[in-house]
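The next block holds one structure in the form of structure tokens; read it before the comments.
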Amino acid sequence: MKLIFASGNKHKLQELQQKLPSTIELTSMRDAGYEGEIDEPGATLEENAQIKAQFIFDRFGEHCFADDSGLEIEALNGEPGVYSARYAGPGCSFSDNNQKVLANLKGKTNRKAKFRTIIHLIYGNLNHVFEGAISGTITDDLRGKDGFGYDPIFIPDGHENTFAEMTLDEKNKISHRAQAVQKLIDFLKSR
Ligand code: ITT
């Protein structure tokens, strides 16, 4: 079965490719022929995931899905949340975002946070939503070189290492995205 992934994020694509069974032929939106970015004007992860999936469905008319993810930090009232990709401003790097989080949390004892992923699938003409979440804490400093985004500052509960200190395989067993993708896989297998 062919499925287009409505994302320009190559790290997400790599995590998905490692998890999806070979019976699902995953095509990135780049390989499908869309080189641009997709605007994300929504106020929630759910809205943005739907917008991205609908954009690619309108263009190619094939089964497709999008992932919208964010890091929600308790002491920052859920920030960066839906603004995770551009928390430190337009054109910012992962490092800029991490430094901004650490600066905003300086001196705060509550370091609780949660990563959340919403996957929006358009299968045929029907819409399906799958969610994954993982709780953890924010470190005082950046730790680890693997992964992407906020991985160097997030330690999942029950673990000693940040996501960036884990292998792709370790992260992909427990992460927010892995949980949502597993629900997507279970759904597709039941078709
Ligand atoms: P697409 O919209 O093209 O899929 P994006 O990077 O813009 O890619 P999001 O809108 O979902 O993706 O933004 C989520 C941001 O949250 C992302 O840029 C990372 O900074 C961060 N993020 C998402 N998943 C993450 C993960 O598994 N580990 C660390 N940071 C993550």
Side-chain angles (χ1 to χ4, degrees), residues 4-19 26-32 34-56 64-73 76 78-102 113-121 129-139 142-156 159 161-182:
I4 303 178
F5 182 38
S7 171
N9 183 320
K10 58 182 190 309
H11 304 279
K12 288 183 182 177
L13 184 67
Q14 192 189 17
E15 291 187 4
L16 284 161
Q17 273 163 338
Q18 199 233 24
K19 209 137 176 86
L26 186 69
T27 306
S28 71
M29 69 179 191
R30 301 278 181 251
D31 287 339
Y34 181 67
E35 290 296 335
E37 295 298 321
I38 306 172
D39 281 344
E40 300 182 38
T44 61
L45 299 180
E46 285 80 358
E47 279 174 38
N48 281 338
Q50 178 169 19
I51 288 165
K52 290 188 277 190
Q54 191 66 50
F55 181 93
I56 290 300
C64 65
F65 72 100
D67 159 322
D68 207 55
S69 300
L71 177 66
E72 298 170 354
I73 300 174
L76 302 180
E79 279 187 7
V82 73
Y83 303 109
S84 290
R86 49 188 187 278
Y87 190 44
C92 63
S93 65
F94 291 145
S95 168
D96 297 333
N97 285 336
N98 284 320
Q99 295 301 347
K100 181 166 178 182
V101 167
L102 294 181
K114 189 195 275 183
F115 262 124
R116 227 158 52 83
T117 288
I118 299 293
I119 285 181
H120 190 105
L121 170 73
V129 176
F130 309 99
E131 178 168 4
I134 186 163
S135 298
T137 52
I138 302 297
T139 54
L142 291 136
R143 282 172 36 188
K145 295 265 172 274
D146 284 331
F148 70 103
Y150 299 94
D151 283 345
I153 61 167
F154 182 84
I155 303 176
H159 295 261
N161 290 334
T162 66
F163 269 158
E165 291 172 316
M166 295 182 182
T167 62
L168 177 63
D169 194 46
E170 284 169 327
K171 179 185 173 190
N172 241 350
K173 282 198 171 81
I174 58 173
S175 81
H176 46 306
R177 179 162 303 100
Q179 293 177 41
V181 172
Q182 190 56 53

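One-based numbering, in listed order, for ligands and for the atoms of each. Only this structure's heavy atoms are used, side chains among them; waters, hydrogens and symmetry mates stay out. For the single chain, residues carry numbers from 1 onward in sequence order.
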Less than 3.5 Å apart, N/O on ligand 1 and N/O on the protein: could you list those pairs with the distances?
unit_1   : atom_1 : unit_2 : atom_2 : d
ligand 1 : 2 (O)  : E40    : OE2    : 2.9
ligand 1 : 2 (O)  : K52    : NZ     : 2.7
ligand 1 : 3 (O)  : S7     : OG     : 3.3
ligand 1 : 3 (O)  : G8     : N      : 2.9
ligand 1 : 4 (O)  : S7     : OG     : 2.6
ligand 1 : 4 (O)  : K12    : NZ     : 2.8
ligand 1 : 6 (O)  : N9     : ND2    : 2.9
ligand 1 : 10 (O) : E40    : OE1    : 2.9
ligand 1 : 10 (O) : E40    : OE2    : 3.3
ligand 1 : 10 (O) : D68    : OD1    : 3.1
ligand 1 : 11 (O) : K12    : NZ     : 2.8
ligand 1 : 11 (O) : D68    : OD1    : 3.3
ligand 1 : 11 (O) : S69    : N      : 3.0
ligand 1 : 12 (O) : K12    : NZ     : 2.9
ligand 1 : 24 (N) : R177   : NH2    : 2.8
ligand 1 : 27 (O) : K171   : NZ     : 2.7
ligand 1 : 27 (O) : H176   : NE2    : 2.9
ligand 1 : 27 (O) : R177   : NH1    : 3.0
ligand 1 : 28 (N) : D151   : OD1    : 2.6
ligand 1 : 28 (N) : K171   : NZ     : 3.3
ligand 1 : 30 (N) : Y150   : N      : 3.0

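- At a threshold of 4.0 Å, the pair D169-K173 counts as salt-bridged, since one of the basic side-chain nitrogens sits closer than that to a carboxylate oxygen.
- S95 and N98 form no side-chain donor-acceptor contact under 3.5 Å, judged by distance and modelled atom types alone.
- Q179 meets the side-chain contact (heavy atoms from CB on, under 4.5 Å) test with I134; sequence neighbours excluded.
- Taking the six-membered ring for Trp and thresholds of 30 and 60 degrees, H11 and F148 have nearly parallel ring planes, at less than 30 degrees apart.
- Among H176, H120, R177, the one residue that satisfies the side chain to side chain donor-acceptor pair (under 3.5 Å) test with D67 is R177.
- Around atom NZ of K19, more than 12 heavy atoms belonging to other residues, nucleotides or ligands sit under 6.0 Å away.
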